[in-house]
Amino acid sequence: MISRSHWMIVVVPAAAIFLFVVLLHTLTSDTTMPDRSATIFALLQATALVSTAFRPWAGWSLSFAATLGATVVVGDGLWVDAMINSHFVVLAAAGVRISPRSAVAMWCALAAATVALAVMGSAAGEAVETLVLAAVVLVAAGAIRAAVHARRTLAVERDAAEHDRERAAVLSERARIARELHDVVAHHMSVVAIQAQAARYRVTDPPPELTAGLDAIHSSATEALTEMRRILGVLRSGSDEMTPSPRLADLPRLLDGVRDGGVDVRDQVVGDLRELPAGVELSAYRIVQEAVSNAVRHAPGATIDVCLAYGSDGLRLRIHNGPAREPVRVVSGAGQGMIGMRERVAALGGRLETGPEPEGGFVVETVLPIAEGVR
């Protein structure tokens, strides 16, 4: 597609040079106009064509005056054919950049001059033909202008709709993450409140200071839990089931389910297997789940490698699939999986890298911190 700057810099000057050469040749060979006058009028029309790209009215006015002047100089017939034809070119160029009201004004000015020349030269038939052709040129130019405007408007609306869709996807995924984290945090806050309440009964004759401190802990935990449920609880719809959040211990069952579908999945665990914070395990499970799901959809028949590496600073995940070995079925619409991955990793203060491999396939790599970044 030709950009606006390319059109202005290359196409318009090239068209003007072509118009100048053709018009000069036609004026010198088909009319009695002197060569010097022919050169001037051809140059005026070429300049008018260039001017329409920046000032449509100025370009049209210059072309109209040159056409009328050439007719006066030659003094034979209604209009000089070469000049009126080149004027139609300028008229079309101006017509795609002006409003319908301006187009009507241009046509009326041309009609007035044509009628005046027709009355003086008794060329009514030729006048009607000229005016009809001018109207057709302006109508066609207006249709092109409307089509271009509609296309630009549609592109803007499409971009806005895509932006809104992406924003809705982000908000939806954040709401899902918030619901899951609500369950995790609510569990721990409940444990704190219960342990604070029960601690007083584990000490014989507890001092008043200890009892007051435990009561304060229980009260603060209960209040925080109530406020959190009030704020985040509205994110859970009435149809949601209160099922336990998945953890990394559930990954083998997830991968076995994928294998049952005929997919070759290889998993590897590096480092000392240990229990991680619930938020980290939940996010890791969801990232693996989404990455494997994407591989199954977009690379059917490919082998999928899942690697979990437990380190002192965090949990490293790498999910890689080779190139598709079967025809890929086109899936309409864009999913929210990659958006969800980014949101989960960002919430934990980690980093995520995704992209195609040089030899084919796709890889998802992420590091989820387990010391800092988890709140």
Side-chain angles (χ1 to χ4, degrees), residues 1-74 77-111 113-114 129-156 159:
M1 181 178 179
I2 298 176
S3 63
R4 182 181 179 89
S5 60
H6 187 271
W7 178 274
M8 296 295 184
I9 296 174
V10 178
V11 179
V12 173
I17 293 174
F18 179 78
L19 178 65
F20 171 79
V21 173
V22 172
L23 184 56
L24 178 61
H25 173 74
T26 305
L27 289 177
T28 55
S29 61
D30 295 351
T31 67
T32 58
M33 185 179 297
D35 292 347
R36 182 177 180 180
S37 298
T39 302
I40 294 174
F41 285 119
L43 184 60
L44 288 176
Q45 288 289 53
T47 304
L49 181 59
V50 174
S51 299
T52 56
F54 307 96
R55 296 288 186 271
W57 266 107
W60 176 86
S61 301
L62 179 60
S63 175
F64 181 70
T67 303
L68 187 60
T71 300
V72 173
V73 170
V74 174
L78 180 62
W79 293 103
V80 177
D81 290 341
M83 291 297 295
I84 192 64
N85 290 336
S86 61
H87 178 66
F88 287 152
V89 174
V90 176
L91 187 65
V96 297
R97 302 196 64 234
I98 58 175
S99 64
R101 181 178 299 180
S102 297
V104 171
M106 288 182 179
W107 186 88
C108 290
L110 180 62
T114 301
E129 180 181 348
T130 299
L131 295 180
V132 170
L133 185 56
V136 170
V137 169
L138 286 172
V139 170
I144 294 174
R145 177 179 179 274
V148 171
H149 177 72
R151 184 175 180 180
R152 290 176 179 172
T153 302
L154 180 61
V156 171
D159 291 342

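Heavy atoms only: backbone and side chains are in, while hydrogens, waters and symmetry mates are out.
Side-chain contact between Thr47 and Leu62 is present, with at least one heavy-atom pair separated by less than 4.5 Å. Within the 4.5 Å cutoff, no side-chain heavy atoms of Val80 are placed close to those of Thr67.
Within the model, atoms CG of Leu49 and CD of Gln45 stand 9.0 Å from one another, a figure rounded to the nearest 0.5 Å.
Smallest separation of non-hydrogen atoms from Gly95 and Arg145: O-CD, 4.0 Å. Counting all heavy atoms, side chain and backbone alike, Phe20 lies closest to Ala46 at CB-CB, 3.9 Å. Summarising the geometry of Pro56 relative to Met106, their closest heavy-atom pair is O-CE, 4.2 Å, with the distance given to 0.1 Å. Residues Leu110 and Ala134 come closest through the heavy atom pair CD2-CB, 3.5 Å. Nearest heavy-atom pair across Ala105 and Trp57 is CB-CH2, 3.9 Å. Minimum interatomic distance between Gly59 and Thr52 (heavy atoms only, all atoms of both residues): CA-CG2, 3.9 Å.
Judged as a side-chain hydrogen bond (donor to acceptor under 3.5 Å, both in side chains), not a single pair has a partner in residues 12-29 (not counting sequence neighbours).
Taking Ala111 as the reference, Trp107, Leu131 meet the side chain to side chain contact (heavy atoms under 4.5 Å, CB included) condition, with sequence neighbours excluded. With sequence neighbours excluded, the residues satisfying side chain to side chain contact (heavy atoms under 4.5 Å, CB included) with Leu68 are Trp79, Leu117. Val104 is linked by a side chain to side chain contact (heavy atoms under 4.5 Å, CB included) to Cys108, counting only residues two or more places apart in sequence or in another chain. Checked against side chain to side chain donor-acceptor pair (under 3.5 Å), Ser99 has the following partners two or more places apart in sequence or in another chain: Ser102.
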I'd like a table of donor-acceptor pairs (distance under 3.5 Å, sequence neighbours excluded) in which one partner is a side-chain atom from residues 87-94, with atom names and distances.
residue	atom	partner	partner atom	Å
His87	ND1	Ser63	OG	2.8
His87	NE2	Trp60	NE1	3.4

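Among Leu44, Leu27, Thr71, the one residue that satisfies the side chain to side chain contact (heavy atoms under 4.5 Å, CB included) test with Met83 is Leu27.
Of the possible polar contacts, one joining the Arg97 side chain to the Ala53 backbone as a donor-acceptor pair under 3.5 Å is found.
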Check against side-chain contact (heavy atoms from CB on, under 4.5 Å), Thr130 and Ile84: CA-CA 9 Å; Thr130 299; Ile84 192 64; 4.2 Å; yes
